[in-house]
Q: 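Input: one structure, supplied below.
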Number of protein chains: 2
Amino acid sequence: MSHTIGVRQAQKQKTRQALLDAGLRLLAEQSLSSLGLREVTRMVGVAPAAFYRHFRDIPDLGVALVEESLGSLHVVIRAILAEQPGAEERIDRTVAVVEQYVRENPAHVRFIARERHGGVRAVRKAIAAELARFAAEVAAGLREQPVSDAWSDDDVLMLAEMYVDHLVMTASAILDAADDDDAVACDRIAERARRQLRLISLGRLHWTD
Amino acid sequence: MSHTIGVRQAQKQKTRQALLDAGLRLLAEQSLSSLGLREVTRMVGVAPAAFYRHFRDIPDLGVALVEESLGSLHVVIRAILAEQPGAEERIDRTVAVVEQYVRENPAHVRFIARERHGGVRAVRKAIAAELARFAAEVAAGLREQPVSDAWSDDDVLMLAEMYVDHLVMTASAILDAADDDDAVACDRIAERARRQLRLISLGRLHWTD
DNA sequence: CGTGTCGGAGAACGGATGTTTACTGAATGG
DNA sequence: CCATTCAGTAAACATCCGTTCTCCGACACG
């Protein structure tokens, strides 16, 4: 294994992570543009000035949260694209994976949905760039499927972007229902998502007319 | 014409509207949860305490902005649903209407997109309720088309919700591009939206299999 | 082992915040 | 015409904010 470097750096990264966690927790009930620096440090239990050892300002922390949030989403995308069987099973698995991800990472999902159109330009741009990368990744996955043989690259990307948008919207909708402890609404949204994916899938089959 | 009541009430509504306008303007570069009461009154040129004559607090002003914003969106929905000719012209007109609406009401569009998943619960709920009403209205419009004859009411509503979501996302995307004065990106997004609508339309035609 | 590095503490700053209070003066309506 | 209503004013309140400064003490390393 690699040489363990620095009790110093280890502690620094620990508090840095604590700041990120506290920020994410506080963002459950407000937007990034109203998140206070002192608020974050207070929750971690460090002096306000310590914040500057890790981030230039709050938007900077926001950008770091984008990387953290969408980094873990990468796993989800790959899991969905790796599915082998037919269209129907694929859709079921996709929605199931999204449901599970939302259940396990509610704060990250909420953060992305909230700040995607939020009040901090730098964070908006970071999210948009990352989602564009996801769309490209999905497009590459779709390309490999025989169904896309007659498609132009532009159209494949268009479809991929629709999938990504639909994924974010679905995740956010499930989260909203989960916040109200409304399991019935959760299932209803999941079923709706499945049918919407089926509809898109149908359109995809008949695209080349 | 009706009896003109109250120079008193007229002036009151005038400042109330001024507060709403100022709030909407300030929300171009921040979220509602960080909008300051004093900030709003300062821009209007009125004492901070005067705010309380019109709204209980900032979230209250937020829900008033929801009514104002989505009230004007009603017109767009009806304009789209009233289209008579074939599917292709319908799609073109739909996107054109959305483009025009975004160009004429950028602040309202941004507000809805931003606060739909924003940090203020009351506003989120108000937007969700209003969008649900839109979806119901769209569903009623779709029901009347012969294509939907074999559809269940649930499926029609599912489709309507997809249209509404797609509409909001498209409007927001066009707005983002317009903010960067990127006319090319605007056109690209509009074209993408048209193709996505075509894909959905295709799926719709083959749903009953 | 001794010296330099550096993450964090603590205090202080000027300024902005939401809310309440007592008030003014013009429109209102009997 | 006169008493009342009420939108808006002005000042004061306690708090909170982001940022800067100096200082400390534990780790790093030659």
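In what follows, chains carry the letters A, B, and so on, assigned in the order in which the sequence lines appear, proteins first and then strands, with residues in each chain numbered from 1. Owing to the predicted nature of the structure, the values given are computational and were not obtained by experimental measurement. Hydrogens, waters and symmetry mates play no part in the numbers below; they use all other heavy atoms, side chains included.
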Q: To the nearest angstrom, how far is A:Leu19 atom CG from D:dG18 atom P?
A: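 So the two atoms are 13 Å apart, to the nearest Å.
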
Q: Would you mind checking if A:Glu161 and B:Arg192 are paired as a salt bridge, meaning a charged N to carboxylate O distance below 4.0 Å?
A: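 Answer for the salt bridge query: yes.
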
Q: D:dC27 P sits how many Å from A:Gln9 CD, rounded?
A: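 Spelled out: CD on A:Gln9 to P on D:dC27 is 15 Å.
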
Q: Any chance the side chains of B:Ser148 and B:Arg204 put a donor and an acceptor closer than 3.5 Å?
A: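 Yes, a side-chain donor-acceptor pair sits under 3.5 Å.
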
Q: Quick check, are the ring centers of A:His108 and A:Tyr101 under 6.0 angstrom apart?
A: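 Between A:Tyr101 and A:His108, which both carry aromatic rings, the centre distance is not below 6.0 Å.
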
Q: Looking only at the side chain of B:Ala49 (C-beta and beyond, no hydrogens), which of the listed nucleotides C:dT20, C:dA9, D:dG8 gets closest?
A: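 Output: C:dT20.
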
Q: Determine which pairs satisfy side chain to side chain donor-acceptor pair (under 3.5 Å) with at least one residue from residues 38-49 of chain A, sequence neighbours left out, and list them in order.
A: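 Side chain to side chain donor-acceptor pair (under 3.5 Å) check on residues 38-49 of chain A returns A:Gln30-A:Glu39.
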
Q: Without decimals, in angstroms, what is the distance between B:Glu39 CD and C:dT17 P?
A: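 B:Glu39 atom CD is separated from C:dT17 atom P by 7 Å.
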
Q: The side chain of A:Val7 lies closest to which of these nucleotides: C:dT28, D:dG8, D:dC27?
A: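 The closest nucleotide is D:dC27.
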
Q: For B:Arg53 and C:dA22, what is the distance between atoms CZ and P respectively, to the nearest whole Å?
A: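 From B:Arg53 CZ to C:dA22 P: 13 Å.
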
Q: Give the nucleotide from the list C:dT19, D:dC17, D:dG8 with an atom nearest to the side chain of B:Arg38.
A: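 It is C:dT19.
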
Q: How many Å lie between CD on A:Gln11 and P on D:dA28, as a whole number?
A: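 Interatomic distance, CD of A:Gln11 to P of D:dA28: 11 Å.
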
Q: State which of D:dT9, C:dA16, C:dT20 makes the closest approach to the side chain of B:Arg42.
A: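 Of the candidates, C:dA16 comes closest.
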
Q: Could you state the CD1-P distance from A:Ile58 to D:dC17, rounded to the nearest angstrom?
A: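 It is 11 Å, rounded to the nearest whole Å.
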
Q: Look at the side-chain N and O atoms of B:Thr15 and state whether any lies under 4.0 Å from the OP1 or OP2 oxygen of D:dG8.
A: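 Checking B:Thr15 against D:dG8: at least one side-chain N or O falls below 4.0 Å of OP1 or OP2.
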
Q: Have a look at B:Arg16 and say if it touches a base, only the backbone sugar-phosphate, or nothing, with a 4.0 Å heavy-atom cut-off.
A: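 B:Arg16: no heavy atom of the nucleic acid under 4.0 Å.
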
Q: Between B:Gln17 and B:Glu68, do the side chains contain an N or O donor and an N or O acceptor separated by less than 3.5 Å?
A: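 Side-chain D/A pair, B:Gln17 to B:Glu68: present.
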
Q: Rounded to the nearest angstrom, tell me the gap between atom CG in B:Leu26 and atom P in C:dT17.
A: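 Result: 11 Å.
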
Q: Figure out the CZ/P separation between A:Phe55 and C:dG8, and round it to whole Å.
A: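 Going from A:Phe55 (CZ) to C:dG8 (P), I get 11 Å.
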
Q: Confirm from the modelled atom types if B:Arg8 and D:dC6 form a donor-acceptor pair under 3.5 Å, side chain to base only.
A: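 In this structure, the two groups form a donor-acceptor pair.
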
Q: The side chain of B:Tyr52 lies closest to which of these nucleotides: C:dT19, D:dG8, D:dT20?
A: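 For the B:Tyr52 side chain, the nearest candidate turns out to be C:dT19.
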
Q: Mind checking if A:Phe51 touches a base, just sugar-phosphate, or nothing, with heavy atoms under 4.0 Å?
A: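 No contact.
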
Q: Quick one: which of C:dG7, D:dG8, D:dA7 gets closest to the side chain of B:Lys12?
A: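 The answer is D:dA7, which lies nearest to the side chain.
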
